[in-house]
Novice: 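Right, I'll just put the structure down here and ask away after.
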Amino acid sequence: MKFYVTTPIYYINDLPHIGSAYTTIIADILAIWHRMKGDDTFFLTGLDENSVKTVQAAEAKGYKDIQKYTDEMAEKWKNAWQKLNLTYDDFIRTTEERHKKNVIKFFNKIYENGDIYKGVYEGLYCDGCEEFKLEKDAPDGVCPIHKKQLKKIKEENYYFKLSKYRDRILEHIEKNPDFIKPEKRRNEIISFLKQGLIDTSISRPGLKWGIDLPIDKDHKFWVWFDALINYLLPEKYWPPEVQLLGKDIARFHCITWIGMLMSAGYPLPKTMYVHGFFTVNGQKMSKSLGNAIDPISLSEKYTIDGIRYYMLRDISLGEDGDFSEVALKERINNEVVANYSNLFYRITSFIQKNYNGKLPSANYSEKENEILKQISSLVKRYESEMQEYELTKALSTAVEVSTIANKYIQENEPWKIIKENKEKAGSILNFGAQLLRTSVLLYYPFMPNSGKIACEALGIKPEWKDVEKPVLKEGHELKAVMLFKKIET
RNA sequence: AGCGAGGUGGGGAAGCUAGGUUAUCCCGGCGGGCUCAUAACCCGCAGACCGGUGGUUCAAAUCCACCCCUCGCUACCA
């Protein structure tokens, strides 16, 4: 089985914020899980550098050489992702030759297919903003920012015959309930399509930055057209099993991109998953409010895994959610530390102290077999939740498993038993360690950094095979490690 | 305005498609147990007339009607 997941490619007019980190982390979780299962996995992320915004940001910061600016920003983005230990397989920049080649190739296909024509774009232009305004944003034809009369400008654009594909797109979405998730986004797209579709322009004249249109040197590709094509990069993995999107860009992906692919004759992605947005401590995140969160400094304080855990645990994937530092800290202390890390330590340190770090022999009874059955059904549930991209549910299933393990240890009181019967206590610890191994693996995609340490200490590999079974053998060596520290401040 | 999603104990959610014993889970609060463990772990308790009104039914959080409230989408904004 192969698994190909994409994130949107991000604008480089600023550094990564918590929102872009969120999307990329979701992709990372999925990629890690599929790798554990042995799937041929490919995780693509990258940067959208051909936007007019790039030029504006570069100039605002005093750069004359735009390419230099993009190179520097790209380094910063890569560094940020490395600090967060994200495991992407390739990082695409739309200023790269390999991308430009793909754009041209793609364009030629739809051009030869007769889906490109020259038309006129009419719009209200503001000299101050240097951009077109929509009528709804500019009541009375006046720019809301500059209070100036907008000019009616006509310019020639090349258009893509998107409207031609409207029926096919609609049909595809209606016939494939899993194509757009969650359902609420699917409904939105369907109702949008039912209103009808107009063609979309794909080029702009007179730009100095961007990719040249092969049929007309005076035009550059409009940034959206060029950006979407990045996903085609890993040819042998096409089509993606899932493309992750923010809700603001759902329509471009679920409609325009799909129409483009139909025209060029590519198979379609299996699922477009639209996630929600964060507010920060109840407020909308924005630069002007100055409440944008830097994921790097946050991770230094709370650990990468702590943040990953919180994001998926507290915020239902697909819904909007509030990012609160208070809640973050509570989740880490009350769940990651108290439930998981504590479980890990109480079992491993007990074995280390009393059994020289070697797994004692086991003699399971009806009670243990009952629990194994329960675990096995929870693991099945986890797998189907992961498969359906219900990551929040899958994580809470993982929590259930480690709770069962804590309960088992608690009820069987090996610290008492060991005083009279070391062998019997050993059997309890043996079973506890088996449950611990399952917990570690279920948590692994969500918290891979501590997961690595946990696997090493347990002497296991992060593999999904027999995840629900008690496969650790008598005499297996393991070490006591504290995976997380309590956040005190 | 149209279309869509939702309103469930202090907070966050599940249940509702196939109506039926004490409405479930997590956090928080309170009490107890345990002491292997990072005051962690385990057990118990309090707290919800399931947005409102009316209807269908032996029986509704679950079905129907109307109403109120919140949020999202309604084209070039990653």
Novice: With a 4.0 Å cut-off on heavy atoms, is G196(A) in touch with a base, just the backbone sugar-phosphate, or nothing at all?
Specialist: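 Since a base atom lies under 4.0 Å of G196(A), the category is base.
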Novice: I'd like the P distance from G52(B) over to C42(B), given in whole Å.
Specialist: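 Those two atoms are separated by 35 Å.
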Novice: Any base atoms under 4.0 Å from T256(A), or only sugar-phosphate, or nothing? Heavy atoms, all strands.
Specialist: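 No contact.
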Novice: Would you call K194(A) and E174(A) a salt bridge, using N to O less than 4.0 angstrom?
Specialist: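 E174(A) and K194(A): salt-bridged.
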Novice: Using a 4.0 Å heavy-atom cut-off, does I9(A) contact any base of the nucleic acid, only the sugar-phosphate backbone, or nothing at all?
Specialist: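 The answer is base, as I9(A) lies within the cut-off (heavy atoms under 4.0 Å) of a base atom.
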Novice: Distance between the P atoms of U8(B) and U70(B), in whole angstroms?
Specialist: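 That atom pair is separated by 14 Å.
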Novice: For a quick check of understanding: with a heavy-atom distance under 4.0 Å over all strands, which category does K416(A) fall into, base, sugar-phosphate or nothing?
Specialist: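 If one applies the 4.0 Å heavy-atom cut-off, K416(A) turns out to touch the sugar-phosphate alone, with no base involved.
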Novice: Quick check on RNA chain B: between S191(A) and V399(A), whose nearest nucleotide comes earlier from the 5' end?
Specialist: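 The 5'-side residue here is S191(A).
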Novice: U24(B) P sits how many Å from R381(A) CZ, rounded?
Specialist: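 After rounding, the gap between these two atoms is 17 Å.
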Novice: Please enumerate all protein N or O atoms sitting under 3.5 Å from an N or O of nucleotides 9-12 of chain B, with distances to 0.1 Å.
Specialist:
none

Novice: Base, sugar-phosphate, or nothing: which does I190(A) touch, judged by heavy atoms less than 4.0 Å apart?
Specialist: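 Nothing, no nucleic acid heavy atom in range.
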Novice: Taking the six-membered ring for Trp, are F91(A) and W81(A) ring centroids under 6.0 Å apart?
Specialist: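 Between W81(A) and F91(A), which both carry aromatic rings, the centre distance is not below 6.0 Å.
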Novice: Quantified in whole Å, what is the P atom distance between nucleotide G19(B) and nucleotide C27(B)?
Specialist: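 Looking at atom P only, G19(B) and C27(B) are 33 Å apart.
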Novice: Provide, to the nearest angstrom, the distance between the CD1 atom belonging to I347(A) and the C1' atom belonging to C36(B).
Specialist: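 The distance from CD1 of I347(A) to C1' of C36(B) comes to 10 Å, rounded to the nearest Å.
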Novice: Within the structure shown, what part of the strands sits under 4.0 Å from A227(A) by heavy-atom distance: base, sugar-phosphate, or nothing?
Specialist: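 Base contact.
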Novice: Pick the P atom in C45(B) and in A23(B), then give their distance to the nearest Å.
Specialist: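 That atom pair is separated by 14 Å.
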Novice: If we take the C1' atom in both U35(B) and C43(B), what is their distance in whole Å?
Specialist: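 Going atom to atom, C1' in each nucleotide, I get 15 Å.
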Novice: Between A75(B) atom C1' and Q195(A) atom CD, what is the distance in whole Å?
Specialist: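 Computing the Q195(A):CD to A75(B):C1' distance gives 9 Å.
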Novice: Identify whether any heavy atom of N412(A) sits under 4.0 Å from a base atom; if not, whether one sits that close to sugar-phosphate; answer base, sugar-phosphate or nothing.
Specialist: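 The residue N412(A) makes no contact with any strand.
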Novice: Any chance you could list the contact pattern along nucleotides 38-46 of chain B? Use B for base contacts, S for sugar-phosphate-only contacts and - for none, protein heavy atoms under 4.0 Å, 5' to 3'.
Specialist: B-SBSS---
Novice: Nearest to the side chain of K353(A) - C77(B), C36(B), G72(B)?
Specialist: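 Minimum distance to the K353(A) side chain belongs to C36(B).
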Novice: Y165(A) has an atom OH; how far is it from atom P of A75(B), in whole Å?
Specialist: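 In whole Å, A75(B) P and Y165(A) OH are 24 Å from each other.
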Novice: When we call it a touch if two heavy atoms are under 4.0 Å apart, what does P8(A) touch: a base, just sugar-phosphate, or nothing?
Specialist: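 It contacts base atoms.
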Novice: Ignoring backbone atoms, establish whether K247(A) has a side-chain N or O less than 4.0 Å from OP1 or OP2 of A78(B).
Specialist: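 No, K247(A) has no side-chain N/O under 4.0 Å of OP1/OP2 on A78(B).
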Novice: For ring pair (Phe, Tyr, Trp, His ring centres under 6.0 Å), just list the numbers for F225(A) and F160(A), CA-CA rounded to whole Å, side-chain angles, deciding distance to a tenth of an Å, and then say yes or no.
Specialist: CA-CA 10 Å; F225(A) 184 85; F160(A) 166 58; 7.1 Å; no
Novice: With no hydrogens and no angle check, do the side chains of T6(A) and Q243(A) hold a donor and an acceptor under 3.5 Å apart?
Specialist: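 Yes, a side-chain donor-acceptor pair sits under 3.5 Å.
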Novice: Any side-chain N or O of W224(A) below 4.0 angstrom from OP1/OP2 of A78(B)?
Specialist: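 Answer yes for this pair, as a side-chain N or O of W224(A) is under 4.0 Å from OP1 or OP2.
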Novice: Looking at side-chain heavy atoms only, is the closest gap between I417(A) and N412(A) below 4.5 Å?
Specialist: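 Side-chain contact under 4.5 Å: no.
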Novice: Is any side-chain N of the basic residue among E385(A) and R381(A) closer than 4.0 Å to the acidic one's carboxylate O?
Specialist: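 Judged by the 4.0 Å cut-off on N to carboxylate O distance, E385(A) and R381(A) do form a salt bridge.
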Novice: If you measure from the P atom in C30(B) to the same atom in C69(B), how many Å do you get, rounded?
Specialist: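 Pairwise P distance, C30(B) against C69(B), rounds to 38 Å.
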Novice: How many Å lie between CD1 on I351(A) and P on A37(B), as a whole number?
Specialist: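 Distance check: I351(A) CD1 to A37(B) P gives 14 Å.
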Novice: For the C1' atoms, the ones on A13(B) and on U56(B), what distance do you get once it is rounded to whole angstrom?
Specialist: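 Result for the C1' pair: 30 Å, nearest Å.
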Novice: I'd like to know whether the aromatic ring centres of F107(A) and F221(A) sit less than 6.0 Å apart in this structure.
Specialist: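 Yes.
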Novice: Over how many whole Å does the gap from K422(A) atom NZ to C36(B) atom P extend?
Specialist: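 Taking atom P of C36(B) as the reference, NZ of K422(A) is at 15 Å.
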Novice: Out of C36(B), G72(B), A78(B), which has the shortest distance to the side chain of F350(A)?
Specialist: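 Selected nucleotide (nearest to the side chain): C36(B).
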Novice: Base, sugar-phosphate, or nothing for K53(A), non-hydrogen atoms under 4.0 angstrom?
Specialist: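 It contacts sugar-phosphate atoms only.
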Novice: Do Y443(A) and S402(A) meet the criterion of a side-chain donor-acceptor pair at a distance under 3.5 Å?
Specialist: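 Looking only at side-chain atoms, S402(A) and Y443(A) do form a donor-acceptor pair, the distance falling under 3.5 Å.
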Novice: Between the side chains of S361(A) and N430(A), does any donor sit under 3.5 Å from an acceptor?
Specialist: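 Distance-only check fails for S361(A) and N430(A).
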Novice: What is the distance, to the nearest angstrom, from the CG atom on L193(A) to the C1' atom on C73(B)?
Specialist: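 After rounding, the reported distance stands at 12 Å.
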Novice: Of the nucleotides A37(B), C27(B), A5(B), which has the atom closest to the S349(A) side chain?
Specialist: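 Within the option list, the nearest is A37(B).
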Novice: Could you measure between the two C1' atoms, the one in A39(B) and the one in C49(B), and give it in whole Å?
Specialist: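 After rounding to an integer number of Å, I get 39 Å for this pair.
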Novice: Hey, what do you get for CG (L162(A)) to OG (S201(A)), rounding to the nearest 0.5 Å?
Specialist: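 It comes to 11.0 Å.
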Novice: Across the strands shown, which category fits L429(A) at heavy-atom distances under 4.0 angstrom: base, sugar-phosphate, nothing?
Specialist: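 The answer is nothing, as L429(A) stays clear of every strand by at least 4.0 Å.
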Novice: Evaluate the salt bridge (Lys or Arg N to Asp or Glu O under 4.0 Å) criterion for residues R185(A) and E188(A): first the C-alpha distance (whole Å), next the side-chain angles of each, then the deciding distance (0.1 Å), finally the verdict.
Specialist: CA-CA 5 Å; R185(A) 299 298 166 197; E188(A) 280 173 14; 3.2 Å; yes
Novice: Under 4.0 Å, counting only non-hydrogen atoms across every strand here, what does E400(A) touch: a base, just sugar-phosphate, or nothing?
Specialist: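 No contact.
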Novice: Do we see a donor-acceptor contact under 3.5 Å between the side chains of E368(A) and Y408(A)?
Specialist: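 A donor-acceptor contact under 3.5 Å links the two side chains.
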Novice: Within this structure, what is the CG-to-P distance between L435(A) and A37(B), rounded to whole angstrom?
Specialist: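 After rounding, the gap between these two atoms is 20 Å.
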Novice: For R251(A) and U74(B), is the shortest distance between a side-chain N/O and OP1 or OP2 below 4.0 Å?
Specialist: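 Result: yes.
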